[in-house]
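We count ligands from 1, going down the list as the structure has it; atoms in each ligand are counted the same way.
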Amino acid sequence: MPVTGPARIGIFGGTFDPVHLGHLRAAESVRRRLGLDRMLLVVANDPWQKDARRTVSPAEDRYAMVVAAARDFPGLEPSRLEIDRGGPSYTIDTVTELRVSDPTAELVLVVGADIVSELPTWHDAEALRDAVVVAVVQRPGAEDGARPAGWRFVPVPVEPFDVSSTDLRRRVASREPLVGLVPAGVIRCIERSGLYVAEG
Ligand code: ATP
Ligand code: MG
């Protein structure tokens with residue numbers, strides 16, 4: 001007889017400006033390797049820690065790209081939690097909302113190796129630290145060191161995939177192809193919306 005324990009939910013947050021195969025492959029690998037019941041792609045409404053020198057694309061455009069991308073990855077669920085909440089996006093608020101709908105869920109926060117050392121700077125970091133386990137995914141060029149003390153980490157080997165949203169925005173502006181770096185549906189979104197054409 002199958003035994004059902006608490007749900008295990010992955011939270012993969014990002015600006016996703018635009019979403020790319022680095023995000024998608026990492027999220028899908030973590031979901032499979034850890035046998036998670038759900039893996040949420042949580043689109044930040046206002047990524048308050050991003051460099052203020054560049055204006056982030058509208059949240060609805062970024063969400064539409066994640067929805068298009070998820071058609072190729074049925075195990076990944078686009079989440080509007082942070083967009084619908086509005087204001088600055090604090091992961092602790094997302095965690096609290098998920099807990100309200102499922103108090104016993106085990107929450108796995110997925111972060112790239114480039115930002116793991118910043119976790120203690122996140123809003124209400126101590127509450128977040130106590131509420132989640134963290135899966136760190138490797139990123140080419142990012143050292144996989146400097147894990148902050150006191151956080152619980154779950155090892156999960158994921159094959160690195162070398163792509164960043166910054167490079168994709170540059171590619172669009174300089175009319176270079178995106179094929180092989182983002183799903184075809186995302187390329188169509190970018191072409192239709194005209195995003196990134198005037199950047200750089
Ligand atoms: P930007 O260049 O604008 O910072 P990005 O590619 O880093 O964009 P984000 O939306 O900033 O994408 O990242 C969201 C999350 O995805 C972060 O935890 C980040 O570390 C992770 N991530 C981004 N790209 C990759 C990748 N190629 N492989 C693994 N994780 C990634
Ligand atoms: Mg980034």
Flag for Glu159-Ser29: side-chain donor and acceptor within less than 3.5 Å: no

Using only heavy-atom distances, determine whether the side chains of Arg139 and Ser164 contain a donor-acceptor pair under 3.5 Å. no

Measure up the Trp48 and Tyr90 rings against each other and bin them: parallel (under 30°), tilted (30 to 60°), perpendicular (over 60°). perpendicular

Arg188/Glu191 salt bridge by N-O under 4.0 Å criterion: no

Take Ile83 and Arg62, measure what side chain to side chain contact (heavy atoms under 4.5 Å, CB included) needs, and give me the verdict at the end. CA-CA 10 Å; Ile83 296 177; Arg62 293 182 285 110; over 6 Å; no

Is Pro18 close to Arg169 at the side-chain level, that is, under 4.5 Å between some pair of heavy atoms? yes

Select all protein residues for which some heavy-atom-to-ligand 1 distance is less than 4.0 Å, and list them by chain and number. Phe12, Gly13, Gly14, Thr15, Phe16, His20, Gly22, His23, Lys50, Val111, Gly112, Asp114, Ile115, Val137, Gln138, Arg139, Phe161, Val163, Ser164, Ser165, Thr166, Arg169

